[in-house]
Amino acid sequence: MRAAEQGRAQALSLPASADPIGPGPVAGLPASEVAEVAQGDGLAQAGSSGLRRLAHRLWPALLTGSLLGLGAIGLALVPALADRAPLLLITLRPTWAILLLVGGSVPFVPALLIAAFFRALVDVGYFGLARNNIRSILLRRLGRSRLVTALARPRTQTPLLWFCLVNTNAAVDAALGAGDVPMRRFLRFLIPGSLLSAALYLTAARAVAPWMRGAVNWLDAHMTYLVLGGLALALAQAAGRVGLRRWRGRQAGLSMKRHRGNGDNTP
């Protein structure tokens, strides 16, 4: 009896935090601070999910913009790299013209892997742009809004995927990305198609290598003038675009003023 009474007295004297079936203490914090900690964790999770969504939407634009920028640098440096670093030129600008120009003077397998990889990256960038509905950037680059809209139909998806085995095209990539084609299915056609097209261009480059060697020597002899001319052409093109935008803005402002003036004179 005495032992039972002593056990009851000890149970009654225990604090609430020692209850084995109750919630455990949170480092001795009061309820208000515990709520603040929970709210902070929720905000952190919401912020991380927002960053993930932003990265998911921005990666195609960043990838495509970076590759196009490298391609522009490669185009400007064609005279300097065609004879001295042809593999680097293929890395910067793996177009069919560059492959035909220097493909006969580079090892076949390394050039094939480099060209196929970077050509496929460009196609993946266009596919991702269309998939994320960044249509304004994509179609401004393509200039083929009607073509992309016409190709982005369910009944044209299978023929376009098989077309990727023969040749890759930015409009085809955009049409497949605008549809409901999964990325994995697109890659199953894109990767072998990129390898096949790069192999065909490199094989053709070896057939025309004697003629292309003269072109490479001419580019190397006129390297300085060609590089300076390319930079001047790029600056002139950029200045022309800026001037055209300003002129269009002024014309739009004048038309709005005229419209308002006519509205004020209307009885």
Side-chain angles (χ1 to χ4, degrees), residues 50-78 81 87-100 103 110-153 156-202 234 237-238 241:
L51 289 176
R52 290 177 183 175
R53 288 195 299 268
L54 182 62
H56 179 72
R57 290 187 60 86
L58 287 181
W59 74 262
L62 294 176
L63 176 63
T64 309
S66 300
L67 293 174
L68 293 178
L70 292 175
I73 295 173
L75 180 61
L77 297 178
V78 166
L81 300 179
L87 280 178
L88 178 58
L89 180 60
I90 292 175
T91 303
L92 294 175
R93 192 175 179 85
T95 60
W96 65 269
I98 297 299
L99 291 177
L100 290 178
L112 173 64
L113 296 177
I114 291 173
F117 176 75
F118 284 99
R119 285 171 66 87
L121 278 184
V122 174
D123 295 315
V124 169
Y126 283 124
F127 181 90
L129 283 174
R131 176 56 52 88
N132 288 279
N133 293 324
I134 312 179
R135 300 296 294 275
S136 60
I137 300 176
L138 178 64
L139 298 179
R140 188 181 304 171
R141 166 65 184 172
L142 294 177
R144 305 172 183 174
S145 58
R146 295 181 180 178
L147 178 61
V148 173
T149 303
L151 293 176
R153 296 175 181 176
T156 61
Q157 292 177 0
T158 301
L160 290 180
L161 286 171
W162 285 102
F163 181 79
C164 291
L165 293 176
V166 181
N167 190 18
T168 55
N169 186 283
V172 173
D173 301 331
L176 292 173
D180 56 351
V181 177
M183 175 69 80
R184 293 182 180 178
R185 189 184 181 193
F186 175 65
L187 291 177
R188 283 198 295 266
F189 287 86
L190 175 65
I191 293 174
S194 299
L195 289 170
L196 181 60
S197 62
L200 290 176
Y201 288 135
L202 291 173
Q237 186 178 7
R241 289 180 178 177

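These numbers were taken from a predicted model, which means no experiment stands behind them.
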Measuring from atom [atom1] of [X] to atom [atom2] of [Y], what distance do you get when rounded to the nearest 0.5 angstrom?
X	Y	atom1	atom2	answer
L200	L195	CG	CG	11.0 Å
W96	L202	CH2	CG	14.0 Å
R188	L165	CZ	CG	12.0 Å
D173	D123	CG	CG	4.0 Å
L190	R119	CG	CZ	10.0 Å
L81	L75	CG	CG	11.0 Å

### Message
Using the rule given for side chain to side chain contact (heavy atoms under 4.5 Å, CB included), can you reason through F163 versus L176, listing the C-alpha separation, both sets of side-chain angles and the distance that settles it, and then say yes or no?
### Response
CA-CA 11 Å; F163 181 79; L176 292 173; over 6 Å; no

### Query
Does a side-chain heavy-atom distance below 4.5 Å link L88 with L77?
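SC-SC contact between L88 and L77 ruled out.
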
### Query
Who pairs with F186 by ring-ring contact (aromatic ring centres under 6.0 Å, His included), at least two apart in sequence or on another chain?
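Result, ring-ring contact (aromatic ring centres under 6.0 Å, His included) vs F186: F127.
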
### Query
Partners of F189 by ring-ring contact (aromatic ring centres under 6.0 Å, His included), sequence neighbours excluded?
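Result, ring-ring contact (aromatic ring centres under 6.0 Å, His included) vs F189: W162.
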
For [X], what residues pass the side-chain contact (heavy atoms from CB on, under 4.5 Å) criterion, not counting sequence neighbours?
X	value
L113	V109
A199	F108, L112
F118	L67, T91, P94, I114, L121
T64	L68, Y126, L129

Which heavy atom of [X] sits nearest to which heavy atom of [Y], and what is that distance?
X	Y	result
C164	V172	SG-CG1, 4.1 Å
S194	T168	OG-CG2, 4.3 Å
I90	A115	CG2-CB, 4.0 Å

